[in-house]
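Beneath this line is the structure, given in structure tokens, with notes to follow.
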2 protein chains.
Amino acid sequence: MKKKAIVNDTEVCQLRMQAISDTMSILSGKWKFHIIGTLIEGNKLGFMDLLREVKGIGSKMLSKELQDLELNHLVSRTVQDTKPITVQYALTEYGETLSPLIDELAKWGIEYRQSIYKSKSV
Amino acid sequence: MKKKAIVNDTEVCQLRMQAISDTMSILSGKWKFHIIGTLIEGNKLGFMDLLREVKGIGSKMLSKELQDLELNHLVSRTVQDTKPITVQYALTEYGETLSPLIDELAKWGIEYRQSIYKSKSV
DNA sequence: CAGGGTGCTTTCATATAGGAAACTACTTCC
DNA sequence: GGAAGTAGTTTCCTATATGAAAGCACCCTG
């Protein structure tokens with residue numbers, strides 16, 4: 001009796017897995033969700049704003065991650081012709097489609113904390 | 001005129017960011033979403049099944065990731081008292097609460113592919 | 001008793017990510 | 001002129017993640 005678990009073999013599953021990989025590779029790294037989350041709240045922010053808001057990030061990482069996000073059209077970078085030149089980072093319309101995903105992420109994280117709290121008090 | 005972008009300063013935002021960090025640290029790495037995704041489809045799978053289903057993973061990584069997931073009570077490991085000893089990995093009830101998140105991840109990834117396809121054909 | 005299957009662990013090596021600090025360049029305020 | 005702010009880049013270093021391959025222990029089948 002050969003019992004092979006042929007689970008992933010349907011096209012739908014393959015596509016699903018591919019899709020998960022795609023999403024995660026675009027949003028990989030320690031900071032992207034933070035940056036996007038901050039931009040969701042802050043709408044339009046300058047480089048130094050983000051450096052302050054995203055706790056712990058350094059300028060190198062911030063710069064690199066913003067470039068990644070810009071390449072994938074999730075974030076827009078607009079140079080403002082102001083007194084000291086400033087740059088505005090904002091989510092693109094497309095970047096905003098990440099909101100439900102980030103909401104789920106946050107929701108799950110909050111419930112996770114609660115479940116730990118509960119299991120400790122039992 | 002001091003214009004400081006005080007965006008993240010509300011408790012709600014801090015909690016939200018914390019929650020995102022929590023979720024991502026639990027599900028960090030290249031393979032966890034794949035493993036969980038596969039377990040969602042496959043219900044109960046043995047080690048060798050997973051090794052086959054999760055394309056590209058090696059036994060070391062699989063072992064390590066499964067231990068991580070078990071520690072966080074997302075996956076259960078049950079040794080079966082069968083002829084050649086077998087082990088069953090399955091999502092716990094708690095692990096199944098990740099389904100909506102994984103669905104969002106997959107959904108976004110699929111739409112991402114479609115948006116690339118569209119932008120190329122324009 | 002050899003081959004193959006299950007379920008891992010160990011070792012060795014490399015790749016990538018991430019961080020600290022210094023530096024550039026330009027401007028404006030005091 | 002010097003300090004400070006904006007927006008980064010560059011260099012150097014370390015930690016962590018990942019990978020390939022082999023080994024181990026146990027059992028069954030031929």
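In what follows, chains are A, B, ... by sequence order, proteins preceding strands, each numbered from 1. Values below: every heavy atom of this structure, side chains too, minus hydrogens, waters and symmetry copies.
- Between the base of D:dT9 and the side chain of A:Ser59 there is a donor-acceptor pair shorter than 3.5 Å.
- Spacing between atom CE of B:Met48 and atom P of D:dC26 amounts to 18 Å, rounded to whole angstrom units.
- Here A:Arg52 does not reach the OP1 or OP2 of D:dA7: none of its side-chain N or O atoms lies under 4.0 Å away.
- Rounded to a whole Å, the CD1 atom of B:Ile57 is 8 Å from the P atom of D:dG19.
- Residue pairs satisfying the salt bridge (Lys or Arg N to Asp or Glu O under 4.0 Å) criterion with at least one member in residues 20-29 of chain A, sequence neighbours excluded, are listed as follows: A:Asp22-B:Arg113.
- When the C1' atom of D:dT16 is taken as reference, atom NZ of B:Lys30 falls 14 Å away, rounded to whole Å.
- We find that CG of A:Asp81 is positioned 13 Å from P of D:dA7, with the value rounded to whole Å.
- At a threshold of 4.5 Å between side-chain heavy atoms, the hydrophobic network of Ile, Leu, Val, Met, Phe, Trp and Tyr places A:Ile110 and B:Leu105 in two separate groups.
- OP1 or OP2 of D:dG8 sits under 4.0 Å from a side-chain N or O of A:Arg77.
- Distance B:Leu51 CG to C:dG4 P: 18 Å, rounded to the nearest Å.
- Under a hydrophobic-cluster definition in which Ile, Leu, Val, Met, Phe, Trp and Tyr are linked whenever side-chain heavy atoms come within less than 4.5 Å, directly or via other members, A:Leu71 and A:Met24 are assigned to different clusters.
- With sequence neighbours excluded, no residue satisfies salt bridge (charged side-chain N to carboxylate O under 4.0 Å, His left out) with A:Arg77.
- What you find for B:Ser115 and A:Tyr94 is that their closest heavy atoms are OG-OH, 3.5 Å.
- Atom CG in A:Leu45 sits roughly 13 Å away from atom P in D:dG8 (whole-Å rounding).
- The minimum heavy-atom distance between A:Leu51 and A:Ile57, with the atom names listed, is CD1-O, 3.9 Å.
- For B:Met61 and C:dC12, the CE to P distance is 17 Å, given to the nearest whole Å.
- Partners of B:Lys32 by salt bridge (charged side-chain N to carboxylate O under 4.0 Å, His left out), not counting sequence neighbours, listed by chain and number: B:Glu65, B:Asp68.
- Nucleic acid contact for A:Thr86: sugar-phosphate only, since backbone atoms but no base atoms lie under 4.0 Å from a heavy atom of the residue.
- Among the protein residues, B:Lys60 comes within range of the nucleic acid bases, having at least one heavy atom under 4.0 Å from a base atom.
- Side chain of A:Thr38 to main chain of A:Val54: no donor-acceptor pair is present (N/O by atom type, distance under 3.5 Å, no hydrogens or angles).
- Position along DNA chain C of the nearest nucleotide to B:Gly46 versus A:Gly58 favours B:Gly46 as the more 5'-ward residue.
- Summarising the geometry, the separation between CG on A:Asp49 and C1' on D:dG5 is reported as 12 Å, rounded to the nearest angstrom.
- By the ring pair (Phe, Tyr, Trp, His ring centres under 6.0 Å) test, B:Tyr112 pairs with B:Trp108, sequence neighbours left out.
- At a non-hydrogen distance threshold of 4.0 Å, nothing from residues 62-75 of chain A comes into contact with DNA chain C.
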Contacts under 3.5 Å, N or O only, protein and nucleotides 24-30 of chain C:
none

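- Contact between the side-chain N/O atoms of B:Tyr89 and the OP1/OP2 oxygens of C:dT6 is not found at any separation under 4.0 Å.
- Heavy atoms only, all atoms of each residue included: A:Met17 and B:Gly37 are closest at CE-C, 3.3 Å.
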